[in-house]
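In each ligand, atom 1 is the first atom listed, and ligand 1 is the first ligand listed. Remember, it's a predicted structure, so these values are computed and weren't measured experimentally. Along the sequence shown, the residues carry numbers beginning at 1.
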Amino acid sequence: MFAYGPVPSRRLGKSIGVSPIPAKTCSYSCVYCQLGRTDHMQIERKSFSPKEDIFCDIEKVVNTSHADFITFAGDGEPTLCKDLGWLIENTKNVFKLPIAVITNGSLLYREDVREDLKNADVVMPTLDVGNQALFEILNRPFKTVTFEKMLQGLIDFRQDFRGQIWSEVMLVSGINDSVKELNSIKDALARTRPDRVYITTPVRPPAENWVESPDPQNILLAEEIFEKVVSITEQETGDFGVMEFSNAREAILEISARHPLRVEQALKIERKFGESGIVEQLVNQSLLDKRSYRNTVYVMPNKSRL
Ligand code: SF4
C-alpha cells in the first residue's frame, strides 16, 4: 500500500500520505527516527515500484476521503524514488490538492531531484545541525553526504523553487540545544532562506533509547535565537483515515508501521471497525510491540516478525 490516510498532521491539517519507497529506506539514520534505525541506507535513486501502481493507490485514497494536502513522505526518504517528479506532476494535475514533500534534503545537491520537486507547493526539508560533527552524530548520513554538500543543495534549491520551504529543526536534549549549536543552526538557516521554520522535538519512540526532548527553557532559547519560528512540541490530535482498509488488524499494522500509534489511537481504530481486542491480540501474537516514551504507551510492528 503506497497511499494512506488522511493522517492528522501538526503542520498540514489532514494529509494523505504517500510512500513511494520500501520500508525504512533512507540516506540518513537519525537517532530520533520514529521508524527505528535505517535498514536500507542508500543514495541511489530507483523506481522501487511501478509508478502507475503508486498513482492508482493515491487515486483510491483521494476518492474516499477529504484532505488538505497530499504529502510525499513515508517510510524513509521520498526523493530516493526516481519517479517522484512524474508522481507529483500527475497527482497535482488530476486531484487539484496542494502537494507537500517531507524530505531530509540530502539529495537536493542533485539537479534531477530539484527538478522533480519543482511542482510541489510546500517542501519541508530537515536542517537539525550547523556543522559536520553534529551532522554525523544526529543524522548519521550515508558516507558521501557531507554537511556542506547537503547545505549547498538547500541553498541551490531555494534559488529556483517558487513554492514554500518550511524547514524543520528537530531538537534533541544535550545534542543540538545549546546556545552555541542553536546559533550555528541559525547561521545555516539564514543561508537557506526558508519561508518558515518549525522546531520539533521527539514525541514518539526514537531509534535510540537515549534520545530525549530538550527542557522547556532550551526550546524557548531556540525560539529566541531563530527567526520566524513555530514550535511544535505536542502530540498531534485528530483521527486517522481507515477507508482503504478492510479490518482493524490490517489498519493498525499498516498505520503503525509508518506512524507509531498511541494505544488510545489504536483502540479508536478498532472501534471504527466495530471490533475489540485486536490490539491485545496483535501484542500477544508478537506482531505489535508496546513501547513507552514520555509517559505515553505506543504500539508499533515488531520488526523481527516483519
Ligand atoms: S527521520 Fe527521516 S531522514 Fe531521519 S532516518 Fe528517519 S526517515 Fe530518514
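Classification of K143 and E136 as a salt-bridged pair fails, no side-chain N sitting under 4.0 Å from a carboxylate O.
In summary, of the residues considered (V18, I54, D116), a side chain to side chain contact (heavy atoms under 4.5 Å, CB included) with L87 occurs for I54 alone. No option in C33, C30, C26 other than C26 meets the side chain to side chain contact (heavy atoms under 4.5 Å, CB included) test with N104.
Every residue two or more places apart in sequence or in another chain that forms a side chain to side chain contact (heavy atoms under 4.5 Å, CB included) with S256 is listed here: L261, L288, P301. Considering only residues two or more places apart in sequence or on other chains, Y109 meets the side chain to side chain contact (heavy atoms under 4.5 Å, CB included) condition with I43, L107, K149.
Contact residues of ligand 1 (protein heavy atom closer than 4.0 angstrom to a ligand atom; sorted by chain and number): K24, C26, Y28, S29, C30, Y32, C33, T38, G76, N104.
Sorted by first and then second residue, the ring-ring contact (aromatic ring centres under 6.0 Å, His included) pairs involving residues 14-54 (not counting sequence neighbours) are Y28-F135.
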